[in-house]
Each structure stands twice: as structure tokens, then as C-alpha cells.
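The structure under discussion appears below in the form of C-alpha cells.
The analysis underlying the following values was restricted to heavy atoms, covering all of them including side chains, and did not include hydrogens, waters or symmetry mates. Below, chains carry the letters A, B, ... as their sequence lines are ordered, and counting in each starts from 1.
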Amino acid sequence: MTTLFALCDCNNFYASCERVFNPALNGKPVVILSNNDGCVIARSNEAKEQGIQMGEPYFKIRNLVENKLVDAFSSNYVLYGDMSDRVMQTLSQFTPNLEVYSIDECFLDLSGFSSTNLLNYAWEIKQTVHQWTGIPVSLGVAPTKALAKLANKLAKKSSKANGVLVLTNPFHIRKALEATKIDNVWGIGRQYATFLKKRNVHTAYDFTQLSENWVRQHMTVVGVRLLKELRGESCLDLEDVAPAKKGICTSRSFGARVNTFEDLQEATASYAARCARKLRQQKSCAKVITVFVNTNQFSERDSQYHASKTICMPVATSSDMELTQYAIIALKAIYRDGYLYKKSGVYVTDIVPENQIQYDLLDKVNRDKHSKLMGVIDNLSDRFGRSKVRVATQGFKNTWQLKSDFKSPFYTTKLNDIPTVYLR
DNA sequence: TCTGGGGTCCTAGGACCC
DNA sequence: TCTGGGGTCCTAGGACCC
């Protein structure tokens, strides 16, 4: 059976989420800012037209915002995550097999749908998602994932396509490849784009004309897969069950200057607890934990310090208490007085399924008790909001907390207004 | 003053083993 | 003077994605 994929991509997703609950924003330039309101990470079409770049630091557009020429929002991932779930739920009505590729993108397996009118079907998907969730989406349909990605980009760009493009006819596929700059091909980043352009490869079509050996030599097997995909040979399968993550990282830049061990400890303990929660959500435990700290790399005035410490724990765990405990041990090993810290993070690896843990005969931890306690904490978190119950080292000063001055309300979920409980 | 966060995959090279 | 070759594992680094 020939393969057929649709890629459904939400248009300007974060900006669209804000608009669903604030229709006054429609037709206006809207940007969403990164954590700490540092830089622009999403833009409405109108903001793009104003020339605001992806990744632009906030201070460069502050004037526009203060003069009400652009509306800016701090990122509200709770809202975006919830809206994403609604979109994916809606999409699951249209095929038994789908792959949630990112917060705003989804591959739909349409193999076996070749006898349906694909253009009509894609339009029906687009309209249904908009009607049920308020989010505008674009769809690209093609025999491989890489071509579906490419079709999706053209669908957005072309006023004729108006958000839906089906690429099954070889002639249309060739035209689409010719119309796509090599920089815009999925899997070609800045380095490869520069490299290829030097060798006169300027479009996706040029790329498909290269020899497999040459591509393997210069771009590894990853490049060869892309080559085949663009030629119409499907090499990337739909991953309908998300594989367990092999590494989980929680890290943040601080909203304010951090120069005491206590503040750094609060932040790092909180990140360790976040990692623990992410582990429990995918029913895994981790054996190895790494803590890292950085000073502000952009500051020419401050003295710089980067350090990390990795600890291999006796038994793989997903307990808040255990992970925070080891995180603090690691932090103590790398902490140095006299620096202004900008960022810290916790990274857990050597992840194993929670039912396949190698136990240690000398283990002193009551794992049964920990796991029951974590179950209770997770329930409380689900009901009352994240971090309402926490290990005491996570603290309460929160001087390191993120800056987020323009956050929209949690329209779709409960507000975090319950007092926090501390565990010891 | 102010510049995000969280992932994946692949390769090369060194250490080590038989 | 002779001083192989194949395999595995680990790590660091580089590329990419959203």
C-alpha cells in the first residue's frame, strides 16, 4: 500500500491561543515572549509583517509595545498545552493513526484514504478544528512525511492554496520541490543550507538530483533518508506511540540576580522535582542526575563560571525527595561564592521503565513509601496546581522565579490560588 | 539593564578486550 | 626485529527539530 501522510500545523499557535479568548486581538500584531520575557518566540502574521524577527530581544520592540502598536504576552504554557490537547483530540476523529509531533503539529496517517477526495477531506479537517477549538490550521498532504512538511509550508504561503495543499501528482510534486528554497526544507538547518548553496544546491529539487553516495558522505544517513523522502520514498514511519524520553531536562534562566547558595538551592531543588514529575508521567525512573550552573554568558562585566556535576545514584528513582537530595549534593560540589548566577538546570539520564529497576541489597530507602507518597502528591498537583505540595528545600522565597509581566489568564484551567504545603 | 527551553540522532575517536 | 584486527562501549561534539 502506498503511504500517505497529512501534516496539520497550527497557524502562529501561541498567538492564536491568546486570540481565542481575546478576540479583540484579531487582525492586530501579537507577539509571545519567552520565559523571563526575554525574547520573541511566536508572532501573528501582522507582527511578522511589521518586521519583528523570531528570537528578537524584547528590549528592541519595547517601544512598539509601549505605544500599543504591538500586543505582547508572556508565554502561558498551561494554556497552550491545554489548547494543543483539544486540537489533537479533534484531529483524532479523522484517522485511527496519528503522531503528535510537537505542541502545534500533528502527522495524520492517511494511507488507505487514497480513494477519498483528499482535498475535500483536508478541508473538512481544517474547518472542523477551527470550529471546535478556534485555532486556525494548515494542512499538507503527500506520500512521505518530508513532502507533507513541504506541502504544509506551501499551503500556508500560497494564497491560492489558502491553507490546504495536496501533493500526490508527480508533476505537482516536482513544481513544489522547485518552489522550495533549500533553507526551508525540513532537516536542513543553517549549516547544511550554507554548505549546499556553496555547491549550487538552492532548491529542494536541486537536492533531489544529488547522488545518494555524495549525500551520505557529507550529510550522513540522515541526509540520505531526507533525499529518499523528497524523492517520494517513505523512510520515516508514523510514531503513534511516543517513545519514552531518554533524557529529561529542566532548566531556567533566573528572573533576577542570584548570588546566594540558598536561592540557587531553591531553584535547583524545584527543577529536580519537575524532572521527577516528568519521569513519573512517563512511568520511568532515572539512575543518573546532572546539575549545572551558569553565569550570564552575555555579560562582559561579570566574571564567568560554568560547571556541572553528575551523580550516579544507587537505585533508579522518580521520587521528588530523592532527586532533590542528590541535586543538592551535586550543587554543593560545584557552587562557588562570588558569582552572579543566571541559570541552573537538572538533567536526568539512564532512564528505565519503573517496573524494570535494579534494586540494591544495601538500599536504605523505603521505596514503597516514597512511591505511595509521590502518588498522593501527583493527585494533589492535578487538583490544585503544580508545586502546591513540595519538598522543603524547594523553598518559598522564589527570588529566582521567572519574570512574566504580561501573562494572560489561565482561561481553560484552574487558577493557582491555593496555599502551598511543604514536605520535610 | 534586557538575548528561551527541551529534545533527538549520528559520528569520530579513544579505551579496552580477546 | 617483530609490534594484527575486529568488536564493543563510552564520550564529546555537531547537526537538526519545535
Side-chain angles (χ1 to χ4, degrees), chain A residues 7-10 12-14 31-42 52-63 65-66 72-77 80-81 84 99-107 145-146 149 152-153 182-196 215-226 235-236 239 242-257 271 274-275 278-279 281-282 288 290 292 294-302 308 310 312 340 342-351 402-406:
Chain A
L7 177 68
C8 176
D9 184 318
C10 301
N12 311 322
F13 183 55
Y14 297 168
V31 300
I32 314 301
L33 303 173
S34 66
N35 283 335
N36 289 315
D37 299 337
C39 60
V40 173
I41 55 166
I52 298 174
Q53 297 300 309
M54 190 72 169
E56 193 144 316
Y58 174 62
F59 68 89
K60 290 194 179 168
I61 60 159
R62 169 170 296 151
N63 265 338
V65 176
E66 285 174 354
F73 291 89
S74 306
S75 30
N76 184 343
Y77 289 107
Y80 310 150
S84 174
E99 172 187 343
V100 177
Y101 178 68
S102 74
I103 193 163
D104 67 339
E105 281 177 59
C106 185
F107 284 105
K145 280 180 156 184
K149 267 276 196 187
N152 186 289
K153 282 225 171 178
I182 192 69
D183 323 57
N184 292 331
V185 173
W186 185 42
I188 303 291
R190 255 223 318 266
Q191 304 294 325
Y192 281 142
T194 311
F195 172 78
L196 288 167
V215 172
R216 187 188 317 273
Q217 197 185 331
H218 294 100
M219 302 173 67
T220 79
V221 297
V222 182
V224 174
R225 265 201 305 258
L226 177 62
C235 302
L236 302 168
E239 288 183 9
K245 290 188 174 61
K246 296 168 181 171
I248 288 175
C249 181
T250 306
S251 77
R252 299 281 185 280
S253 297
F254 305 128
R257 303 175 149 222
Y271 303 155
R274 276 294 294 150
C275 285
K278 291 179 193 172
L279 282 168
Q281 278 170 342
Q282 68 164 31
V288 172
T290 299
F292 61 88
N294 291 328
T295 49
N296 183 357
Q297 54 168 331
F298 292 105
S299 167
E300 288 172 9
R301 206 187 40 216
D302 301 344
S308 72
T310 299
C312 183
L340 276 178
K342 180 63 183 169
K343 182 175 183 175
S344 81
V346 174
Y347 186 46
V348 291
T349 50
D350 280 47
I351 291 176
L402 299 177
K403 199 164 90 188
S404 127
D405 292 340
F406 318 107

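Distances shorter than 4.0 Å separate none of the side-chain N or O atoms of K343(A) from OP1 or OP2 on dT3(B). Close to dG6(B), at under 4.0 Å from its OP1 or OP2, lies a side-chain N or O of S251(A). Distances shown here put every side-chain N or O of S253(A) at or beyond 4.0 Å from the OP1 or OP2 atom of dT3(B). An OP1 or OP2 oxygen of dG6(B) is reached within less than 4.0 angstrom by no side-chain nitrogen or oxygen of R274(A).
Under the stacking definition used here (centres under 5.5 Å, planes under 30°), the residue Y58(A) fails to qualify as stacked on the base of dT3(B).
Shown here are the ring-ring contact (aromatic ring centres under 6.0 Å, His included) partners of F195(A), two or more places apart in sequence or in another chain: W214(A), H218(A). Judged as a salt bridge (Lys or Arg N to Asp or Glu O under 4.0 Å), and not counting sequence neighbours, D302(A) has no contacts. Residues that satisfy the side chain to side chain donor-acceptor pair (under 3.5 Å) test with Y192(A), not counting sequence neighbours, are absent from this structure. With sequence neighbours left out, the salt bridge (Lys or Arg N to Asp or Glu O under 4.0 Å) criterion links K145(A) to E99(A). With sequence neighbours excluded, the residues forming a side chain to side chain donor-acceptor pair (under 3.5 Å) with K278(A) are T250(A), listed by chain and number. For S404(A), there are no side chain to side chain donor-acceptor pair (under 3.5 Å) partners, not counting sequence neighbours. Legend: residues meeting side-chain contact (heavy atoms from CB on, under 4.5 Å) with V222(A), ordered by chain and number and at least two apart, are T220(A), R225(A). When the side chain to side chain donor-acceptor pair (under 3.5 Å) test is applied to N35(A), no partner is found at least two apart in sequence or on another chain. Partners of D9(A) under the salt bridge (Lys or Arg N to Asp or Glu O under 4.0 Å) rule, at least two apart in sequence or in another chain, are K156(A).
Counting non-hydrogen atoms under 4.0 angstrom, V224(A) reaches nothing in the nucleic acid. Contacts of D104(A) with the nucleic acid, taken as non-hydrogen atoms under 4.0 Å apart, involve only primed sugar atoms and P, OP1 or OP2. Using a 4.0 Å heavy-atom distance criterion, E105(A) is classed as a sugar-phosphate-only contact.
When the C1' atom is compared between dC17(C) and dG4(B), the two are found 15 Å apart, to the nearest whole Å.
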Where each pair must be Watson-Crick or G-U wobble with both distances under 3.5 Å, what dot-bracket representation of DNA chain C is obtained, with crossing pairs in [ ] and other-strand partners as |?
....||||||||||||||
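The NZ atom of K153(A) lies 4.5 Å from the CG atom of N184(A); values are rounded to the nearest 0.5 Å.
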Report all interatomic pairs (protein N or O, nucleotide N or O of nucleotides 7-9 of chain B) with separations under 3.5 Å.
{"residue": "dG7(B)", "atom": "OP2", "partner": "C249(A)", "partner atom": "N", "Å": "2.4"}
{"residue": "dG7(B)", "atom": "OP2", "partner": "C249(A)", "partner atom": "O", "Å": "3.3"}
{"residue": "dT8(B)", "atom": "OP1", "partner": "K246(A)", "partner atom": "N", "Å": "3.1"}
{"residue": "dC9(B)", "atom": "OP2", "partner": "K246(A)", "partner atom": "NZ", "Å": "3.0"}

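Sorted by residue number, the members of residues 186-195 of chain A with any non-hydrogen atom under 4.0 Å from DNA chain C read W186(A), G187(A), I188(A), G189(A), R190(A), Q191(A), Y192(A).
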